[in-house]
Amino acid sequence: MIERIFTGWTWIRAAYFLIGSWVIVQSALEGEWIGIALGAWPAAMGLFGLACAGGNCANGACEVKSDPADTNQ
């Protein structure tokens with residue numbers, strides 16, 4: 001987990017983390033506690049490199065490949 005946090009940073013991953021962190025801080029200062037949960041989602045995506053913040057959507061890793069022998073044509 002430590003390796004995942006400290007390696008593989010891209011500008012999109014940093015943006016997710018910074019924007020999520022900014023939403024958390026602003027929500028806490030305003031007393032809008034639901035905003036902390038809403039900011040925690042993109043911050044966690046950026047920190048741990050999850051979903052598109054980890055670059056998994058841009059390279060086609062989310063694509064499900066079908067087995068040619070499995071088609072019923």
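The chain is numbered in sequence order, starting from 1. The shown structure was predicted, so the numbers you read here are calculated from the model rather than taken from an experiment.
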Tell me, yes or no, whether the heavy-atom count around [X] atom [atom1], taken from other residues, nucleotides or ligands under 6.0 Å, exceeds 12.
{"X": "I34", "atom1": "CD1", "value": "no"}
{"X": "Q26", "atom1": "CD", "value": "yes"}
{"X": "W9", "atom1": "CH2", "value": "yes"}

*Heavy-atom side-chain proximity of P42 to I19 below 4.5 angstrom*: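 Result no, sub-4.5 Å side-chain heavy-atom pair not found.
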Testing the basics here: between [X] and [Y], what is the closest heavy-atom pair and its distance to 0.1 Å?
{"X": "M45", "Y": "Y16", "result": "CE-CE2, 3.5 Å"}
{"X": "S21", "Y": "A43", "result": "N-CB, 4.0 Å"}
{"X": "G39", "Y": "I24", "result": "C-CG1, 3.6 Å"}

_From W22 atom CH2 to F17 atom CZ, the distance as rounded to the nearest 0.5 Å_ =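 One finds 15.5 Å between CH2 of W22 and CZ of F17.
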*Separation of R13 CZ from L18 CG (nearest 0.5 Å)*: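 Taking CG in L18 and CZ in R13, the distance rounds to 12.0 Å.
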*I5 and L50: same hydrophobic cluster, using ILVMFWY side-chain contacts below 4.5 Å?*
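Looking at the clustering, L50 is in the same group as I5.
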